[in-house]
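Only one structure is covered here, and it is reproduced in the block below.
The model shown is predicted, which means the values in this text are computed figures rather than measured ones. The first residue in the sequence is number 1, and the count goes up from there.
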Amino acid sequence: MATLRARRWIMAASLPLVVAATLTTLPAPANALSTDVVISAVYGGGGNSGAAFKNDFIELANRTDSPISVAGWTVQYASAAGAVFQTTALSGSIPANGRYLIQEAAGAAGMLDLPTPDASGSVPMSATSGVVALVTSTIPLAGCSTACATAPNVKDLVGYGATANVETLAAPGLTNTTALARSGALVDTDNNSVDFTSGVPKATNSAGATVTVGDGPVGPTDPTPGTTRIHDIQGAGRISPIVGQNVTNVPGIVTAVRTTGSARGYWMQDPSADADPLTSEGIFVFMGTSTPAVAIGDSVLASGRVTEFRPATGSQTLTELGGTINTIKLTSGNALPAPAPVSFADAFTKTGNLEAQPLEPGAYVLDWLEVHEGMRVTVAQDTRLISPVDTEFGELWVTLKPAQNPTPRGGSAYVSYDDPNSGRLMLQALNGAPAANVGSTLAGGSVGVVDYQSFGGYVIQATTLGAITEGGLKPQTVTPPKKAGDLSVVTYNVENLTAADSDAKYARLAQAVVVNLGKPDILALEEIQDNNGTAGGGVVAADQTVAKFIAAIAAAGGPTYDWRSIDPNDGTDGGAPGLRLSPGSVTCRADLAET
């Protein structure tokens, strides 16, 4: 090691004289090579998906035969690219030849507790790359974004993954299921890449208690129901009263299963309801990309962490079981709990902080859905489709209040913020849905579970979908022929048209201009994008987009339009970044001599 330090000073001495003179005015670097206390383990994946441990941790080791006090010391963490260190204070001492465990932030996953920590902090460490320093003071490190190993008071430092703030070279990058460990002899060569290897997470405290991932089962195997029930998890409010806690062997009957996408899992419901109408008896067991090995009708015991999934700021949350899920299947083919008929009150919205307000399911739609979250429900009556079926995702919208703001073509008009169609409800068929259009009829009898989708808003995840009868939607309106001497002027929204759109889209829009709009003399276009669409780069001209549209109209039997447009100012006019001015940015004029 002395040789390595000598090489560093030899390199400095070989600099020009003026630089060497400047170096002599700086304080001597601290020696990060520790002969007594070292960082022995680092783990940043605690509580992440797939992790066994609930918490991140840092472990220290005493290499000497005498106890060493760490009172007034800190462990400090910074991100791989960051220069801001977060600190955790230490106290007490490390036994001779012993370990010292610092517990850091917890995540939503994981089933294993660390051994009783010797110090605790709340620092959320990266599972892949970061910097950990052992410092013999309480002052946060600063101004040493790539050279903290030699900063004053630094006893030891390890940089792992994609960071330049290291001792010589970085230790291996980590994952949610791997941790760094110093070699068995606790050797400190001042080279992180040599001193540390990645492997199975293992943590030891000053009392010598050790927990290693894989020593025992992560989840319970005893098929005895726990004391917590689904209604205990859901509680009588919007947020679970035990959110963040781990629960074991919660019983339920599997009522629906989602086996695709990144939000796989299953819904289960307790067939033995409590007496409180405000506590839901159903819950979603979230398994990420893991496909659940259960089927509808299975009686199961589920263990995991109680979480609140909030898909976006301002949206409501979905109470669910997450983290590391352990499922014990008891029996199959059980009868399912009877579905509750969907019944919405007239009121739709509340104002203010919803999570602080009591539930009133008899007065508010959102409250009715909340108290049935995760439960089986049925749309018992025939309903009308107010949107086409999205066959790709099996989604359809219906109205439970057919007299509420109906349109002549079978939809529901959005009248105002004060009248937002409280009968509107989305169903998503887990097994797919047939194509159908607005105004069609969905027969009563659809059954599913109440869910809160990723884009916000409640949805019924349908396991059974009623038959759909087409409503005979009338064809699109065709403009009547012009009278002699008339001038036809039309405004047309072309759906964010860009030069990169498909020929099929151009042909469809052009057909509407020729047939449905009757080849108007003047056509004011809305939502014309510039030539590169939403991409940046300062492009504001739309000549390629408009030329392609004019050609498509001519190919469909329409006139060859002339056009005029005023290009917007880049970054000043328009809507979304990268778009040109919209709406009404382009006017096309047919040759009036032809009309």
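Looking at heavy atoms from C-beta onward, Arg305 lies out of side-chain contact with Val247 at the 4.5 angstrom threshold. Residues Gln234 and Ser240 have side chains not in contact (no heavy-atom distance under 4.5 Å, counting atoms from C-beta outward). Looking at Phe286 and Leu321, their side chains never come closer than 4.5 Å, going by heavy atoms from C-beta outward. Within the 4.5 Å cutoff, the side chain of Ser303 has heavy atoms near those of the Asn249 side chain. At least one side-chain heavy atom of Val158 sits under 4.5 Å from a side-chain heavy atom of Phe196. Residues Asp451 and Leu318 are in side-chain contact: their nearest non-hydrogen atoms beyond the backbone lie under 4.5 Å apart. The side-chain heavy atoms of Tyr458 and Glu370, taken from C-beta on, include a pair separated by under 4.5 Å. Residues Val37 and Ile94 are in side-chain contact: their nearest non-hydrogen atoms beyond the backbone lie under 4.5 Å apart.
Here the OG1 atom belonging to Thr189 is positioned 3.5 Å from the CG atom belonging to Asp195, to the nearest 0.5 angstrom. Interatomic distance, OG1 of Thr307 versus CD of Glu320, reported as 4.0 Å (0.5 Å rounding). Atoms CG and CG, from Asn192 and Asp190 in turn, are 8.0 Å apart once rounded to the nearest 0.5 Å. We find the CG-OG distance between Leu157 and Ser34 to be 12.0 Å, quoted to the nearest 0.5 Å. The distance from atom OG1 of Thr136 to atom CG of Asp156, rounded to the nearest 0.5 Å, is 11.5 Å. Between the CG atom in Leu278 and the CG atom in Asp367 there is a gap of 9.0 Å [rounded to 0.5 Å].
Taking Thr175 as the reference, Thr177, Thr178 meet the side-chain hydrogen bond (donor to acceptor under 3.5 Å, both in side chains) condition, with sequence neighbours excluded. Asp298 pairs by the side chain to side chain contact (heavy atoms under 4.5 Å, CB included) definition with Val254, Val294, Ala295, Val300, Lys329, Ser332, not counting sequence neighbours. Contacts of Val200 classified as side chain to side chain contact (heavy atoms under 4.5 Å, CB included), with partners at least two apart in sequence or in another chain: Thr212, Val213. Listed by chain and number, the residues in a side chain to side chain contact (heavy atoms under 4.5 Å, CB included) with Asp390 are Glu392, Phe393, Glu395 (sequence neighbours excluded).
Of all heavy-atom pairs between Ser120 and Pro117, the closest is OG-CG, 3.5 Å. Here the closest heavy-atom approach between residue Asn153 and residue Ser137 is recorded as ND2-OG, 3.8 Å. Shown here for Phe57 and Leu114, the closest heavy-atom pair between the two residues is CD2-CD2, 3.6 Å. The minimum heavy-atom distance between Asn48 and Ala127, with the atom names listed, is ND2-CB, 3.6 Å. Taking every heavy atom of both residues into account, Gln269 and Thr255 meet most closely at CB-CG2, 3.9 Å. When every heavy atom of Ala162 is checked against every heavy atom of Ala80, the shortest pair comes out as O-CB, 3.2 Å.
Note on Asp36 versus Arg63: no salt bridge recorded, every NZ/NE/NH1/NH2 to OD/OE distance being 4.0 Å or above.
Under 3.5 Å, the side chains of Asn165 and Thr163 contain no donor-acceptor pair of N or O atoms. For the residue pair Gln316 and Arg238, a side-chain donor N or O sits within less than 3.5 Å of a side-chain acceptor on the partner. A donor-acceptor contact closer than 3.5 angstrom is absent between the side chains of Thr64 and Ser66. No side-chain N or O of Thr259 forms a donor-acceptor pair with one of Arg264 less than 3.5 Å apart.
A donor-acceptor pair under 3.5 Å is formed between the side chain of Asp56 and the backbone N or O of Met125. A donor-acceptor pair is defined here as one N or O able to donate and one able to accept, closer than 3.5 Å; such a pair exists between the side chain of Ser280 and the backbone of Glu373. Side-chain atoms of Asp118 come within 3.5 Å of backbone N or O of Ser206 as a donor-acceptor pair. The main-chain N or O of Ile39 is found under 3.5 Å from a side-chain atom of Arg182 such that the two form a donor-acceptor pair. Side-chain atoms of Arg258 come within 3.5 Å of backbone N or O of Ala263 as a donor-acceptor pair. No donor-acceptor pair under 3.5 Å is formed between the side chain of Ser198 and the backbone N or O of Leu174.
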Legend entry - Worked check of side-chain contact (heavy atoms from CB on, under 4.5 Å) between Val135 and Leu141: CA-CA 9 Å; Val135 184; Leu141 297 173; 4.1 Å; yes
Inset, instruction - Step by step, work out the side-chain contact (heavy atoms from CB on, under 4.5 Å) result for Phe53 and Asp113. - result: CA-CA 6 Å; Phe53 279 124; Asp113 290 314; over 6 Å; no
Inset, instruction - Take Leu301 and Val250, measure what side-chain contact (heavy atoms from CB on, under 4.5 Å) needs, and give me the verdict at the end. - result: CA-CA 5 Å; Leu301 303 175; Val250 180; over 6 Å; no
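Between Phe284 and Trp267, the two ring planes are tilted [angle within 30° to 60°].
For residues 70-81, every residue pair satisfying the side chain to side chain donor-acceptor pair (under 3.5 Å) rule, not counting sequence neighbours, is listed here: Thr74-Gln76.
Within a 6.0 Å sphere centred on NZ of Lys54, heavy atoms belonging to other residues, nucleotides or ligands number more than 12. More than 12 heavy-atom neighbours from other residues, nucleotides or ligands sit within 6.0 angstrom of CD1 on Ile239.
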If you look only at distance, which donor and acceptor atoms sit under 3.5 Å apart when one is on a side chain in residues 96-108 and the other is two or more places apart or in another chain?
| unit_1 | atom_1 | unit_2 | atom_2 | d |
| --- | --- | --- | --- | --- |
| Asn97 | ND2 | Asp65 | OD1 | 3.0 |
| Arg99 | NH1 | Glu59 | OE2 | 2.6 |
| Tyr100 | OH | Ser91 | N | 3.2 |
| Tyr100 | OH | Ser91 | O | 2.7 |
| Glu104 | OE1 | Thr88 | OG1 | 3.3 |
| Glu104 | OE1 | Ser122 | N | 3.4 |
| Glu104 | OE1 | Val123 | N | 3.1 |
| Glu104 | OE2 | Thr88 | OG1 | 2.7 |

